[in-house]
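Basis for what follows: all heavy atoms, side chains included, without hydrogens, waters or symmetry-related copies.
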Amino acid sequence: MAAAEFRGRGAELSELASFSTEAPTEDVSERSYWRWLAPAWAGKSALLAEFVLNPPAGIDVVAFFITSRMAGQNDAAAFCEVVQRQLYALLREEEPLSTPATRDEQLRLALDRAAERCATEGRRLVLVVDGLDEDHGVTAGPDCHSIAALLPRTPPHGMRIIVAGRPHPPVPGDVPGAHPLRTTEINHWLAPSPYAQAVRWDAEQNLLRLLDGGGLGRELVGLTVAAGGGLSASDIAELTGSRPRLVERELSAGDRPQLPPPLRALGVRRSRGLPPGP
């Protein structure tokens, strides 16, 4: 999720640092939440990835980036598994086994214990969740099981929670009415980054190149979309009856072999050990 070359956003990173480190002035749960709202291609994920990779001093960060572009990374089950693993790493304990019936309660317990341990050590736990609008567990009616509903209404032990997403769709129906996510007080509008817009233009041009060229390039895009991500170059070669080196050539852009942004976003992986061809 991190930008290959992160630029700008100094003011936004400073705001996140202040929010994460400042002492609470009063016991109001809304003051423990921060929500970035912005349209697609504004640079939300790149900003949060930069914060996660380079957090302020005295902060321990656990993070989950929800994305429909990567299979298995866009629902409550994945959120519980990934975040719990990070929390037990902070606790320096072996992660316990969980089942669908116990995972939610185990996650909340791990959050509470990790936040308490951080506070005891003079640090603060910050949970970062990007892409709430891409949660595939959100459905209409009583069967909704969203990631948002798993976030604590009152974060324990001074914990902070930073989320990001598009203005729509609205907050999932299973989020309690008194939850901070249902207020506008935590909202902060993120202006689109000019660097993110440049990446979007490059991505669209590369996608058009693959689609307009037909042949293997068009097949590559179609297979990746149909699979929901997670295909390697060797997988695509097998599915299309092509040679891996030809697939690698389609995945290359310009003079340097690299994955075009639209396919990198969709979750295509390079084949390990395969040297780039001409």
**Report entry** Inter- and intrachain pairs under side-chain hydrogen bond (donor to acceptor under 3.5 Å, both in side chains), touching residues 86-96, at least two apart
**Finding:**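 Sorted pair list: Q84-E95, R92-E121, E93-R113.
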Query - By ring pair (Phe, Tyr, Trp, His ring centres under 6.0 Å) - contacts of F64 (at least two apart) - result: F79
Query - Contacts of type ring pair (Phe, Tyr, Trp, His ring centres under 6.0 Å), residue F19, not counting sequence neighbours - result: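 For F19 the ring pair (Phe, Tyr, Trp, His ring centres under 6.0 Å) partners, ignoring immediate neighbours, are W34.
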Report task. Give the cluster check for M159 versus L151: same hydrophobic cluster or not, with ILVMFWY residues linked at side-chain heavy-atom distances below 4.5 Å. Result -> yes
Query - Pairs flagged by ring-ring contact (aromatic ring centres under 6.0 Å, His included) wherever residues 162-183 is involved - sequence neighbours left out - result: Y33-H179
Got a sec, which residues hit salt bridge (charged side-chain N to carboxylate O under 4.0 Å, His left out) with [X], two or more places apart in sequence or on another chain?
X: E15; value: none
X: D112; value: none
X: R166; value: D133
X: R123; value: D60

Query raised in the report: With sequence neighbours left out, what residues match P56 under side-chain contact (heavy atoms from CB on, under 4.5 Å)?
Result: A17, T21, F51, I59
Report summary line: d(R124 CZ, C118 SG) to nearest 0.5 Å is 10.5 Å
Partner set under side-chain hydrogen bond (donor to acceptor under 3.5 Å, both in side chains) for [X], not counting sequence neighbours:
X: R108; answer: none
X: T99; answer: T102
X: R35; answer: N187

**Report entry** Polar side chain donor-acceptor pair, D135 to S146, under 3.5 angstrom
**Finding:**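 Checked: D135/S146 side chains show no N/O donor-acceptor pair below 3.5 Å.
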